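Convention: sequence-line order gives letters A, B, ...; per-chain numbering from 1. All values reported here derive from a predicted model rather than from experimental measurement.
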Protein chains: 2
Amino acid sequence: MTSSNNDPVKPEKSPRVFKPDTQKKRQEALKNKRNRIMSAALMLFSKHGVNGTTVEQIAEAGQVSKSNLLYYFASKEQLYIEVIQHLLDVWLSPLKSFEAHQDPIETLSDYIKVKLTLSRDHPAESKLFCMEVVQGAPLLLNELESPLCELVDAKVKVINSWIEQGKLLPVDPYHLIFSIWAITQHYADFNVQITAVTGNDLNQPEFFNRTLASVKQIILGGITPQPQG
Amino acid sequence: MTSSNNDPVKPEKSPRVFKPDTQKKRQEALKNKRNRIMSAALMLFSKHGVNGTTVEQIAEAGQVSKSNLLYYFASKEQLYIEVIQHLLDVWLSPLKSFEAHQDPIETLSDYIKVKLTLSRDHPAESKLFCMEVVQGAPLLLNELESPLCELVDAKVKVINSWIEQGKLLPVDPYHLIFSIWAITQHYADFNVQITAVTGNDLNQPEFFNRTLASVKQIILGGITPQPQG
DNA sequence: GTCTATAATATGATAGAC
DNA sequence: GTCTATCATATTATAGAC
């Protein structure tokens, strides 16, 4: 990076053969470029769909040439697959964080907050996931189905145990989970409609907080046991 | 074109010049053909997106030739626009049916049922609407925004009046409406995921009823006033 | 109104120099 | 690794006969 090569167009690409960590830097640069491309692809895919996005548009947004992009990714489909797979990491993680020994209302409340925060901070991921599933998840389903079912089944058991302990009013755990997903993701996926109707979006802190409170109230209000007496 | 033309491929296209209602029949046939094409387009657009669907595929599904399709619709985009516009009729109608003088829980309950029934019986419409909005509703927004806002604002007033009368616990009306939309539409749009997780879909009557009951419980449970004492 | 070419273009992907 | 052609193909739309 300190070499005499100061090409302003690609400052990250000046590996010095003298340095011992050249290999590492090279790999980093490569990784960064791939990430940049994938990030650009995610954005564009989520806005215009996969088939509505050209390789050239992605290349431009990722600040590489079209053929250079195809050097890093064998094909557009391969790029799409990698973007989708990368999505799943972001997507499945929040569900892992709720456990039976915790207070159900608090746990569900946290989960709603995490999901709504995800909708605010990663709308492109939410939208692309949405479109993929809406269209039948041709790519996603094989990879998603098994881990998703396991995760959901585990959480269903947790919810059922809460109900048995009287900590939660009786409710179908599957539909409870679906409802939380549906509502929280709706604020990302349908943000255009929401903004059209309310004039607000989740990036406005007051609106975020109001939304969070309302969603909690609606979802949790019907399943919170009343204090006896 | 006279009665002797019994081409079996297109049985609906045999208008007899002798009959006085030839004009009418012709227009009907034309309308039917347009409807068939639009119906095929809706199905394919909802499955593969607009850009993932070719005119030829639509033509095949609609049982017309590609060039014949382009005789009825000036362009693919024009066809798409008409499909989307046709959607709105189906889409905005159910919201019209709730009024202030009715019982709120019953009214909201009916609305949820109507919306969930729509998800069961018109999943393609739901999905295409979803994809269009997710992608920013480039076509839809101009047409949708104004009538949607009016409708929503009117319903918000109804809900607020219910709350003032103590018939409904305090809740943000906008988020209540969004939540109902989100959950009910989720069962159409994400049906692949729901089937993957539960093994069921809304076309199974038991599952439909269980879903309806759960959604009602979750949505209405938190906003139904408790009987005093 | 319907069909068979065919034009016009867009786009994914490759070849080969550097 | 990156670039400049360029190929190969898919696809929208049109022209013109019937």
Which nucleotide, dG1(D), dT12(D), dT2(C), lies nearest any side-chain atom of Thr54(B)?
-> dT12(D)
For Glu60(B) and dT11(D), give me the distance from atom CD to atom P, rounded to whole Å.
-> 13 Å
Could you tell me the separation between the CG atom of Asn51(B) and the P atom of dA10(D), rounded to a whole number of Å?
-> 17 Å
Nearest-Å distance for atom pair CZ/C1', residues Phe73(A) and dA13(C) | 16 Å
Should Lys33(B) be listed as having a side-chain N or O under 4.0 Å from OP1 or OP2 of dT2(C)?
-> yes
Mind calculating the distance between CG (Leu69(B)) and P (dT11(D)) to the nearest angstrom?
-> 15 Å
Hey, what are the protein-to-nucleotides 13-18 of chain D N/O distances that come in under 3.5 Å?
from    : atom 1 : to       : atom 2 : distance (Å)
dA13(D) : OP2    : Lys76(B) : N      : 2.7

Starting at atom CD of Glu56(B), determine the distance to atom P of dT11(D), rounded to an integer number of angstrom.
-> 8 Å
Rounded to whole angstroms, how far apart are CD on Gln78(A) and C1' on dT14(C)?
-> 17 Å
Go through Gln85(A) and Ile81(A) one step at a time and tell me if the side chain to side chain contact (heavy atoms under 4.5 Å, CB included) criterion holds.
-> CA-CA 6 Å; Gln85(A) 284 176 341; Ile81(A) 290 174; 3.8 Å; yes
Just jot down the side chain to side chain contact (heavy atoms under 4.5 Å, CB included) partners of Ser214(A), sequence neighbours excluded, or say none.
-> Asp172(B), His175(B)
Under 30°, 30 to 60°, or over 60°: which ring-plane class applies to His186(A) and Phe178(B), parallel, tilted or perpendicular?
-> tilted
Is the cationic atom of Lys115(A) (NZ for Lys, CZ for Arg) positioned less than 6.0 Å from the six-membered ring centroid of Trp91(A) and within 45 degrees of its normal?
-> yes
Kindly say whether Asp201(A) contributes a backbone atom to a donor-acceptor pair with the side chain of Gln204(A) at under 3.5 angstrom?
-> yes
Between dG1(C) and Tyr71(B), is there an OP1 or OP2 to side-chain N/O distance shorter than 4.0 Å?
-> yes
Give a yes/no verdict on a cation-pi contact between Arg120(A) and Tyr187(A), requiring under 6.0 Å between NZ or CZ and the six-membered ring centre and an angle within 45° of the axis.
-> no
